[in-house]
Structure formats: structure tokens, C-alpha cells
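One structure below.
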There are 2 protein chains.
Amino acid sequence: MTSQQQTTTQFSRIQLIQYQLLKHFPVLDVTGAPAAAHWQSKVAVLLGSQRAGRGGHELVNRRALGQTRAMKPVSGKAPSFTKKSPESTLAMKPVSRYAQVLMVVMAAFQRSHGGNSVRCPSPFRNNREVGPMPQRGETTIQDIADHAHVSKSTVSRVLNRSSRVNEDKRAAVLEAMKTLGFEPNLVARSLAGGRSMTLGVLTQNIGSPFYDALSQGVIRGLAGTGYSPLFVDGQWQQSTEAESIRTLIGRRVDGLLLIGGDVPVEDLNDLRERIPTIVVAREIKGWENHCIHVDNVQAGYDATRHLIDFGHRRIALLRGIKEHPDAIHRFEGYVKALEEAGIKFDPELVFQGDFSGQSGVMAVNSLVAKGTHFTAIFAANDMVAFGARLALSRHGLRVPEDVSLVGFDDQAEAAFATPPLTTIKQPAVEMGTAAARAIVNLIHDQPYELACLPVELMKRESVARLR
Amino acid sequence: MTSQQQTTTQFSRIQLIQYQLLKHFPVLDVTGAPAAAHWQSKVAVLLGSQRAGRGGHELVNRRALGQTRAMKPVSGKAPSFTKKSPESTLAMKPVSRYAQVLMVVMAAFQRSHGGNSVRCPSPFRNNREVGPMPQRGETTIQDIADHAHVSKSTVSRVLNRSSRVNEDKRAAVLEAMKTLGFEPNLVARSLAGGRSMTLGVLTQNIGSPFYDALSQGVIRGLAGTGYSPLFVDGQWQQSTEAESIRTLIGRRVDGLLLIGGDVPVEDLNDLRERIPTIVVAREIKGWENHCIHVDNVQAGYDATRHLIDFGHRRIALLRGIKEHPDAIHRFEGYVKALEEAGIKFDPELVFQGDFSGQSGVMAVNSLVAKGTHFTAIFAANDMVAFGARLALSRHGLRVPEDVSLVGFDDQAEAAFATPPLTTIKQPAVEMGTAAARAIVNLIHDQPYELACLPVELMKRESVARLR
DNA sequence: CTGTTAGCGCATTCAT
DNA sequence: ATGAATGCGCTAACAG
């Protein structure tokens, strides 16, 4: 089955023609199926006033039918009218865009059927009552206005509650919106109103637990504010991020929430001048009240300290990607805790890697292969910890009896690992929420606070006292 | 520090005023810092022609400055001009929106400084050469056109490569776009062009592995097509989903990709008539070429069969949420495999739950508490399997020696569980990619195929032969 | 309180 | 090949 099926709607095109003609041009007798050419000229007369200087050709551009391929111009028969033409002036009435659609549809229909005369089977033929039509998603406030016998402005006012409206008219408008199935065009609204009520959210690798938790927090924080988030994925690649941000700006989002990411600081500074921006989970100098993040140094310190408190002195650090600021800060915390406890820092115990499970496996394998003595591991994140834990068990090392293990992030799986993993919990959801609220306030030029949230050590069962 | 900082840009407001005045009204001598009131009336004269019937008050709406709070009207001094007024006609020139901004800025500045005379320190004072200005994100094709001495149309043509343009002009336009830092307004483009080059993607619970993998697939499949995805989160709640879809439609996305979800089939049918739609990871009757999903019955069968092949006959099923179609289908597969092997179905072995780790824990606890005999578990997803595995170990049951375990989804953590989890891998990324390609073809009315992708049993170490 | 008017920034069509 | 004109659907200022 191919996509041809897709355009099959409840009504055939010719039926739609009839419906619309009946609705907008009751004066035309189309139910009797006159020659299509006849319709054309009639409609053309009505349309003549519509667009001065365009002649009768190509009165419609392709979008009229929601198609993307260009319509060939109608054979040129349709006469050209200018605004001054008395006939057209006479015939002028509120002509909806449907009328334009019709002409094209008719022409297309005529072409595809070869002849110039058309007989139309129709559910409408014997029924001049024209009721509501299944929506094609094209109702506009003008339609509503016509239907409710008010002006567009009034409809707009009802929509936005921007000023008082007479209760009667209000009801009529609401009624019309309901029967016509009106759905406001946010695109037009954004363009006219100069604001889109949308926030761009640049996230990283949809599917990674920490960033997803942040996104969830953002969604939660935005609930009820009237703003909706628009997520794009930066994939931790500068080029993709830049591209995504361009898209967001092109969409005229009212604010930007950048979660993590590698965008150079200079670009960020430029960005901030154009659009309210808040950076989440990344620390940037000079952005004091525009970024929210946890204290990774403290977190690294806490985790290491916890192990030290349990008697460990040979603590392996499986830090993440070398340049990643989070990894660097956690490393600093690790070093600080060691120093404070008077433990000599041993580079043999530190492994670079990425944030993957495989990276944990490899680190442990290497540790064991080199025969390095260690009694505990502090992993860059939970995934690395899982990898390490697997590798340990492969080598017959038990957790926590032989080796203690601490992760980072407290992703959902951590609590159900065997044994449940002791890990640093980042308040990801809370950060997302806070950031969302902050950006809304920032946009409205309201004051707000963006506190550095504390991390929490989730003590579970992967850490044991060293005997 | 509060958000007041945000509006601090590289240039002060008064500098911006001067810049703009110099650029648009070189005839005015503003560098000498005349009284602000003087400027006001001068600009007002120029602006008089701009908007007939508006008087001199509140010439600017709030968006002009990107602010959201209303500007108080200028004190009322500015005279009112109509289009007929000879002075204003005389002074008419292409007045940019900046001019409007200026007036407001000036008024605000004047108010905030109390006096009516202003001396402005300015980098522009001694420099009548007006170069490029740091972008405020407001450059339009008109600006480009002015700068390149061509018409808007030509700029548009260059932008869209929609028709040949003289190489010289083309270069000039490109040059202008670069120096002015032009960024096309996608909102306006969507409105005018009738298509947004955006696809709405309704996903469920950002942060759940399977749906995130699908999203990643979508991103991948869309790369290079010119379409960009717009993610919204349905949270597995009908109301939220409906709301999200409305938003997407309001944004005039060109197509819809619904990943999972609970939207009633009738609504879906309505939807499909309005907008190209493809449903992912959900099976709907009558949507044969519009939905892509795996064969969950087969998957349930495969997993169960695998356990049976290893000699298990007492296989507990930790199915997911009761009404969830996936859970139902997998259950059917389970039953089918049992029947085929001549094993009597035992309701004691089936547990309802959700898709959480806790649900796995509870099921196993209950199984053990009731003393039900079982040698294997087939879990609704990997997370449930992790929970089950933890509970088993709490009860001293080893995996796979005492109990074999099969999960579902093959999320990243599965391969690093202890022991690595045997699980059903859904081709999530591939499905996402296929769906993305399909929707693009659907939009363009091109044929496409939407195959039912096969699942794969990832045999790892959590299943052992029953002795 | 309501209708009128003028754009928002761009694509597109017709005329040149 | 290029410019002028029109409108996409809506908001908001203005004039009753």
C-alpha cells in the first residue's frame, strides 16, 4: 500500500468543491453539474476583485491546497478584472480563500478527466442545507468573525481576553469557534504579536538520564506559565548545537534554555544579548545569575570523602571525558578530599574515559591487569559504575566486600542494581524546574534567584567499611 | 544579582539612539546632544506619515524594544499628522521600525534622567560613518535589500534559490547578509509559505529508554531532509497528549510523528485527515501503512520460547500495565509459546504492574512469599528485570543458576548488569529513522514502505539451562 | 465596547 | 532577471 491512500479523506475533492461552492456562492447552481469551464469563469468573476493585477491565471499558489507541487496555471480563459471593473465590484462579497482553492481543484479535476464537462455524484446534491464540514484545519478568525457576525478584532479579543467583550458577542464567537472547530494559528500569532510563547530548550543526547531528567524538570517548571518548551538535540557537537540554536532563534523563541553543551563562551555572550538565555548544568564565568549547576567540586569531594570515611585510601577515580568541565571539577573534589585526609594522590588510580559502561569495564580491567592495589572506585557516572561493577565480578571481586563503588547521577537503575549503588544524586529535576521558572521571570524582567543546588549522597549498599 | 543585568548590552541605550538616528535620519544633528524633547518632535515629524490616524502618542508597541511591559505614552507633545499633511509627506522616507524604537527610548531616557536636556557620551559622536551594528536579532530581508540595493524579492530569491539571480546582485546580497548578520525569520516564512519545514514529534516521558531511542532515530532519519523535529512530551496522559498535539498543529507542523501514546483512535482518524501522520510503536487497525511497530506477540513468543528451550516450564510473566497494548500482545505471545510447548498456563505466574523497577521487586517478593514454584522470569522491560533481579538476590536466589531472567528493550544498562541481561532488543533507532523517512515521503506524496521490523533476542548470561 | 486600519517578515506572482 | 504588489492569519493602536 502506498501513500496514495493518504489523500483519501472522507469526502472526495469534487464533493468538497460542491460543498464550498454551495456555501460561499449559493447563487451558482453547481449541483446540476454544469461544464467545469462554466464554473471557472463564474468563480473567476467573483475572484476578479480579489487580487488586482493578477489576471485570472494562477490565482492560487500551491499552498492553497496544502500541496507542495506547483499547480499549472488554468488555461488562460478566465478573464482578468481589476478593482475598477464594475462587474466584479458588483459581485464582490466576502470571498474566502476556499474560493481560490475551488478554482484550482476544478481545473485539476477537469484536466485529469480529460473532458470539460463534469457530472458529480454528491451527497450534497439534494441538500441545500450546508452544515458544518469536517475540518481541514484552515479555519481562521475571519471565518469565525463572519459566522458570529462580528469583526476579527472582537474574535481576537475573545481569544486573548485582552479586553471586555459584550457577553452576547462573546457567546456567539465561542459558539462559532466550536462549530467551526477553530484552532488559532500560532505562527501567525507569533508573527503579529512579536512573541511566540515558546522557549527553546537545547538538550544533549536525548536518552541520557541526567539530561532527560533536566528536561522533565523544565517541562514541569513551565506548566501553567503559558510557555511551551521546544526541544532540540545538540548531540554534544558544537556544529549541531550551533545549528539547533539558529533554528530556535529563527523560530523566534522568547527565551533559550541551554542544557549542558559545548557552545563557546563568546558565542554564548553574543547570544545573551539577543535573547534571554539561561544555561543549565554548566558553569560559566560572568554568568552568575544566568546559569544553574551543581557544585561538582563539592560532589567529587563528598563521594571521595564518603569512601575515605569508610577507611578506604586506595580509591580509583574513573573520571569522564578529559575536557569535560564536570569531570574536571569532580576530579578537583577528589584531589581535595585526598589531600585533606593526608592521602597521597596516585595518578595510577585515575582513568580517563567517556561516560559509557564500556569505559568502566576497561578501566577495571586495566587496573586489575596492572595489579594496581585499590579498594574502592569512584565512577564518573552510574553507567560507568555499572560497567565497573560487571568487570569486577568478572574478576571475582565482590561489591562491596572486596571493592566499594560510588557512582554519580542516581539514575533510576542505580537503586535496583545488585547491590543497590551508592551514588551522588544531582537534583536534576529541581534544576530544570528552577531554570524554567527563572527564564520566564527573566523574559518578564522580573527578579529571580538561581541558587546553586546541593548534591546529595545516596547511601546504599555498594560501599562497605574497609576491614 | 538580579535580572537587571540582562538588558546591559555592549552599547548603552543612548548610544543606540544616536546610532540609529545617524543611520536613518542623517539630516538630524543629534551628535551635539540637543534637548531630548527636540529630538522627539523631529522624529515625530518623520514618523507622522508612518501610521495615519495614530497621533503622536504611543507610536510604538511594546514589542518594538523586545519588552513586555507597556510603555507609557510620550507626554502628548508630539503633534499628530495624517497622511495628507504636507510636512510629513515632504519628510517621508523609508522609515524603519527603529525610528519608532528611538522615540520611546528617548522618552524613557528623558524620564529616567529627570531633565529634558541630555548630553550623550558616545563612540559615534565624532564619527559620521555608520558601520554595521551589533545585532539585536532584528535584521529583515528589507534591511538586506536596502544594504545591497536590490528589492526584497531578489533577496528572497537568493535565500531560497528559487530562481536565477544575477551573479553580482547575488554576491551583494550574500555580502549584506553576512555583514548584517541576517537570520531568516522562520515564523514569517512559515506563515507566508504555508509550510513550516517542521515535524511535530509527540514522545512519551522523555527519559524512558525505549522512547528516547526512537527519538534519536527520528533525529537521525530527518538529518539532511530539511525538516527539523519539534519534540513535545505527552507524559502518557491523554489530556497532555491532546494538548501537545494542539500546540503542534497550532504551530502548523507539516507532519506529525506520534510515538506511542494513548490518543483515542477516533481522534487519530480525525487527525490524519488534517495532517500527514505516522504512528510509531503502536498498532492501529486501518492504519496499515501509517504505523510502524514491532510484532510484540512474536517478541513475547520468542522470549518465552527461549526459556522453554532451556528447559524451563515454570515461567513467571511480569507483564506491564494492564491495558497497555504492548503488554497485552507480549502476554499473547507468552501464552502461545506455552501452549505450543504443551505447558499449562498458570495465572499464579502472571503479575500485573507497571514498567518500573519497583514493580519487579514486588512481583518477585510476592512470588516468593506465596511459595509459588518458578524457575524463570520474563519481565515487561529491562527496568522491571533489574528490580526482579535485585529482589531475587535479596531472597538468596542466584541469576541464572537458580532463576533465569529475560528482559525487554535492551536498554544500555542491560549489557552491563550482573549478569548481563538476556533481553529482547527492539530496533528502536531503526524504527525512528524509518518513521522519519516515511513521514517526509508522505508529506511529499511519495510512495514509501513501512515494514514491521523484527525484534532480536540478545542472548547474554541471565538465562541458564534448567538442570 | 467594537469596527477599522496597519503592519509582523516573508514567499510568490505578475508585469516589466 | 528584477521590482512592485499582495496576502498568509493574527495582534494592537486608534477612533469612534
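Letters A, B, ... mirror the listed sequences (proteins, then strands); counts begin at 1.
Rounded to 10°, the angle separating the first-five-pair axis and the last-five-pair axis of the helix from C/dC1-D/dG16 to C/dT16-D/dA1 equals 40°.
B/L186 has its CG atom 18 Å from the P atom of C/dC8, to the nearest Å. One can place CD of A/Q142 at 13 Å from C1' of D/dG7, the figure rounded to the nearest angstrom. Whole-Å rounding puts the A/D143 CG to D/dC8 C1' distance at 13 Å. Residue A/R164 contributes atom CZ, which lies 5 Å from atom P of C/dC1 at whole-angstrom precision. Between B/I144 atom CD1 and C/dC10 atom P the separation is 9 Å, expressed in whole Å. Between B/L191 atom CG and C/dT12 atom C1' the separation is 13 Å, expressed in whole Å. When the P atom of C/dC8 is taken as reference, atom CD1 of B/I141 falls 12 Å away, rounded to whole Å. Atom pair B/N185:CG and C/dA11:C1' shows a separation of 13 Å (rounding to whole Å applied).
Looking at residues two or more places apart in sequence or on another chain, you find a side-chain contact (heavy atoms from CB on, under 4.5 Å) between A/T154 and A/V150, A/S151, A/R157, A/V165. By the side-chain hydrogen bond (donor to acceptor under 3.5 Å, both in side chains) test, B/S156 is found to be paired with B/N160, residues two or more places apart in sequence or in another chain being considered. Residues that satisfy the side-chain contact (heavy atoms from CB on, under 4.5 Å) test with A/T247, not counting sequence neighbours, are A/E243, A/R251, B/L186, B/S228. By the side-chain contact (heavy atoms from CB on, under 4.5 Å) test, A/A188 is found to be paired with A/N185, B/L191, residues two or more places apart in sequence or in another chain being considered. B/N166 is linked by a side-chain hydrogen bond (donor to acceptor under 3.5 Å, both in side chains) to nothing, counting only residues two or more places apart in sequence or in another chain.
A 4.5 Å side-chain heavy-atom check between A/I249 and A/R252 finds at least one atom pair inside the cut-off. Between A/V253 and A/L199, every side-chain heavy-atom pair lies at or beyond the 4.5 Å cut-off. Contact annotation: the side chain of B/Y227 never approaches that of B/I439 to less than 4.5 Å [non-hydrogen atoms, C-beta and beyond]. Looking at heavy atoms from C-beta onward, A/I144 lies in side-chain contact with A/V173 at the 4.5 angstrom threshold. Counting heavy atoms from C-beta outward, A/L159 and A/F182 have side chains that approach closer than 4.5 Å.
Side-chain proximity of A/T140 to the nucleotides C/dT12, D/dC10, C/dA11 is greatest for D/dC10. Closest to the side chain of A/S163, from the set C/dC10, D/dC8, C/dT2, is C/dT2.
The shortest distance between the side-chain N/O atoms of B/S151 and the OP1/OP2 oxygens of D/dG3 is below 4.0 Å. Between B/R189 and C/dG9 there is no side-chain polar atom (N or O) within less than 4.0 angstrom of OP1 or OP2.
The stretch residues 165-190 of chain B participates, sequence neighbours left out, in these salt bridge (charged side-chain N to carboxylate O under 4.0 Å, His left out) pairs: A/R246-B/E183.
Residues from residues 165-173 of chain A lying near DNA chain D, meaning a heavy-atom separation below 4.0 Å, are absent. Residues from residues 152-161 of chain B that place a heavy atom under 4.0 Å from any atom of DNA chain C, listed by number: B/K152, B/S153, B/S156, B/R157, B/N160.
Taking OG1 from A/T140 and CG from A/L180, the interatomic distance works out to 9.5 Å, rounded to the nearest 0.5 Å.
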